[in-house]
Protein chains: 2
Amino acid sequence: MAAPTPHDASAEVGDARSSAVKSAARTLQLLEALAERGGVPARLAELADELGAPRSSVHALLRTLAASGWVRTDPTGTLYAIGLRSLLVGTSILDSDPYLRAARPVLAALRDRLGETVHLARLDGDRVVYLTTQESGREPRRIARVGRWLPAHSTSLGKALLAERGDLPTGPLAALTPRTLTTPEALAADLVRTRERGYAVDDEENTPGLRCIGVALRYAHPVLDAISCSVPVDRMTPERETEVASALLAARTQIEDTAPVQGVF
Amino acid sequence: MAAPTPHDASAEVGDARSSAVKSAARTLQLLEALAERGGVPARLAELADELGAPRSSVHALLRTLAASGWVRTDPTGTLYAIGLRSLLVGTSILDSDPYLRAARPVLAALRDRLGETVHLARLDGDRVVYLTTQESGREPRRIARVGRWLPAHSTSLGKALLAERGDLPTGPLAALTPRTLTTPEALAADLVRTRERGYAVDDEENTPGLRCIGVALRYAHPVLDAISCSVPVDRMTPERETEVASALLAARTQIEDTAPVQGVF
DNA sequence: GAACGGCGTTCAGATATGTGAACACTACGA
DNA sequence: TCGTAGTGTTCACATATCTGAACGCCGTTC
């Protein structure tokens with residue numbers, strides 16, 4: 001699992017009612033099942049059980065996936081592991097997404113200006129997925145968050161997006177720390193304050209010791225992306241919060257001005 | 001494209017002869033086609049043309065992909081873009097692969113010891129895909145290579161692997177710089193020297209100004225993973241080369257000792 | 001050492017998908 | 001205003017996949 005959180009928000013792939021192409025849905029389920037195992041090989045029977053599909057069906061699919069390079073097999077052909085194609089396809093977004101490309105230099109400058117780690121994340125259902133991180137050199141250890149996700153309601157990024165969009169997560173609000181907002185009422189109230197303030201605040205709601213400020217990027221309608229800055233609690237005074245927030249808002253404007261016009265949704 | 005090279009080594013997904021599940025193969029082609037466009041939305045007709053499949057077939061597939069979260073659609077449902085699920089699935093390898101997990105701390109220590117950037121990459125056909133990079137703070141700009149790839153024959157990583165495996169790339173040997181080895185004879189001779197030396201050397205063969213040393217990790221049979229250290233040419237003296245190589249060989253032993261026994265293939 | 005259980009693989013029929021043409025809709029230009 | 005060209009969508013039939021059972025294989029157990 002790439003997820004640092006206990007709750008897996010991924011929907012069932014196969015539960016689409018009527019007009020779903022069965023083998024396509026199963027192909028994706030297979031990739032997800034293999035991904036969760038990492039490099040650990042899987043046997044046909046395990047995967048068939050996991051998908052709830054006959055062995056023979058899964059067998060044909062796995063041969064197809066293997067032939068296309070998305071799945072690797074051992075020399076005997078009875079063990080399967082996810083191939084590198086999925087990594088290449090997955091990370092290709094990071095190289096080619098035009099918004100990300102526009103945002104990256106601005107984020108680097110922002111990191112240098114504030115001396116703190118900054119992120120850009122995109123909403124995916126009830127969670128935010130980190131697309132790029134510019135780290136300050138000051139952190140004790142490097143936490144590369146690209147490709148990871150957190151529940152939207154527990155992050156400044158997610159709350160900035162929810163405030164701008166005006167909706168609430170559909171699922172339950174998992175508690176990652178004692179300070180996570182776990183009721184719709186508390187979250188809604190926080191979103192009101194967020195709109196008033198003009199930026200979102202996460203006060204150790206997903207990671208103890210870390211306070212974050214986030215703002216949404218408004219080039220998409222409804223908004224999808226947001227940027228944030230994480231600051232250790234002992235460096236985050238009220239004056240510092242204002243300083244960070246105004247730097248983020250300036251960066252927001254800069255990104256929105258340089259971002260492509262058409263596009264993301 | 002995530003690729004920094006001119007030659008696309010990816011095989012055709014759909015070309016499997018007989019026992020391929022057509023809709024599964026097309027699903028993967030669709031993901032690859034969407035990935036190449038990054039966040040830029042695609043229309044149904046474009047994708048159908050690209051796959052060489054009827055619009056109606058692609059339509060059904062896209063609805064399935066969209067229902068499962070692998071593909072996003074705009075509010076009207078006529079524009080498609082790759083979703084974040086592929087990023088999550090792709091990067092999950094980076095978190096859960098047991099070999100990578102074993103190697104990472106060793107690589108971090110190696111980076112600290114040498115003060116230079118070190119990589120771990122895995123062979124995928126004729127190319128090497130970077131799985132992790134530990135950067136020295138000395139580089140002018142951060143080049144996050146995770147998920148990118150280079151032709152095996154142009155890197156110390158790839159040459160270390162080829163030397164250990166005893167095979168040559170099947171495709172043509174693309175020239176990335178004037179120093180890239182582009183004939184099978186030159187490459188084979190280099191691999192002989194590599195075996196004698198005990199480590200592989202890349203002398204500005206993929207990136208001008210960069211000299212790299214690589215060694216293969218022998219926990220898999222045949223070998224799949226390798227580690228390397230990149231050093232700017234002006235810091236790379238003969239003594240330094242010996243120093244870097246012996247540090248890499250020590251790290252190799254350390255990783256091989258801590259790596260899981262069963263596994264990757 | 002023989003029976004057992006589990007596994008991967010294969011096959012022919014049942015079932016779901018792929019196909020191409022037809023339809024409805026939009027945007028654009030005449 | 002109308003026609004045109006392009007698009008996304010739907011439908012019924014031809015085609016391909018899915019299924020469950022059967023087979024052969026291996027390692028284990030009794």
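Every chain is numbered from 1 and lettered A, B, ... according to where its sequence line falls, protein lines coming before strand lines.
- Residues B/A33 and B/E50 approach most closely at CB-OE2, 3.5 Å, considering heavy atoms.
- The interatomic distance linking A/K22 (NZ) with C/dA16 (P) rounds to 6 Å, in whole Å.
- Taking only distance into account, the side chain of A/S56 meets the base of D/dG20 through a donor-acceptor pair shorter than 3.5 Å.
- When the P atom of D/dA5 is taken as reference, atom CZ of B/R55 falls 15 Å away, rounded to whole Å.
- Atom P of nucleotide D/dG8 and atom CZ of B/R63 are separated by 12 Å, given to the nearest angstrom.
- If you measure from atom CG of B/L62 to atom P of D/dT10, you get 14 Å, rounded to the nearest angstrom.
- Closest approach to the A/L44 side chain among D/dC18, D/dG8, C/dT9 is made by C/dT9 (side chain taken as heavy atoms from C-beta onward).
- Applying the 4.0 Å criterion to OP1 and OP2 of C/dT19, one finds that B/S57 has a side-chain N or O inside that range.
- Side chain of B/A45, nearest nucleotide from D/dT7, C/dT17, C/dT19: D/dT7.
- For the pair A/D49 CG and C/dG6 C1', the computed distance is 12 Å after rounding to whole Å.
- Remark: A/D95 engages B/R148 in a salt bridge, criterion side-chain N to carboxylate O under 4.0 Å.
- The nearest whole Å value for the distance from the CG atom in A/D74 to the P atom in C/dC7 is 16 Å.
- Of all non-hydrogen atoms in B/E32 and A/V89, the two that sit nearest each other are CG-CG2, 3.9 Å.
- Close to C/dG8, at under 4.0 Å from its OP1 or OP2, lies no side-chain N or O of A/H59.
- The aromatic rings of B/H119 and B/Y130 sit perpendicular to each other, their planes meeting at more than 60°, with 30° as the lower class boundary.
- At a threshold of 4.0 Å, the pair A/R195-A/E164 does not count as salt-bridged, since none of the basic side-chain nitrogens sits closer than that to a carboxylate oxygen.
- Closest-nucleotide positions on DNA chain D for B/R43 and A/P54 were compared, and the one nearer the 5' end corresponds to B/R43.
- Rounded to an integer number of Å, the gap from B/R26 CZ to C/dA16 P is 19 Å.
- Rounding to whole angstrom units, CD of residue A/Q29 and P of D/dC18 are separated by 12 Å.
- Within 4.0 Å of A/S23, counting heavy atoms only, lie sugar-phosphate atoms of the nucleic acid but no base atom.
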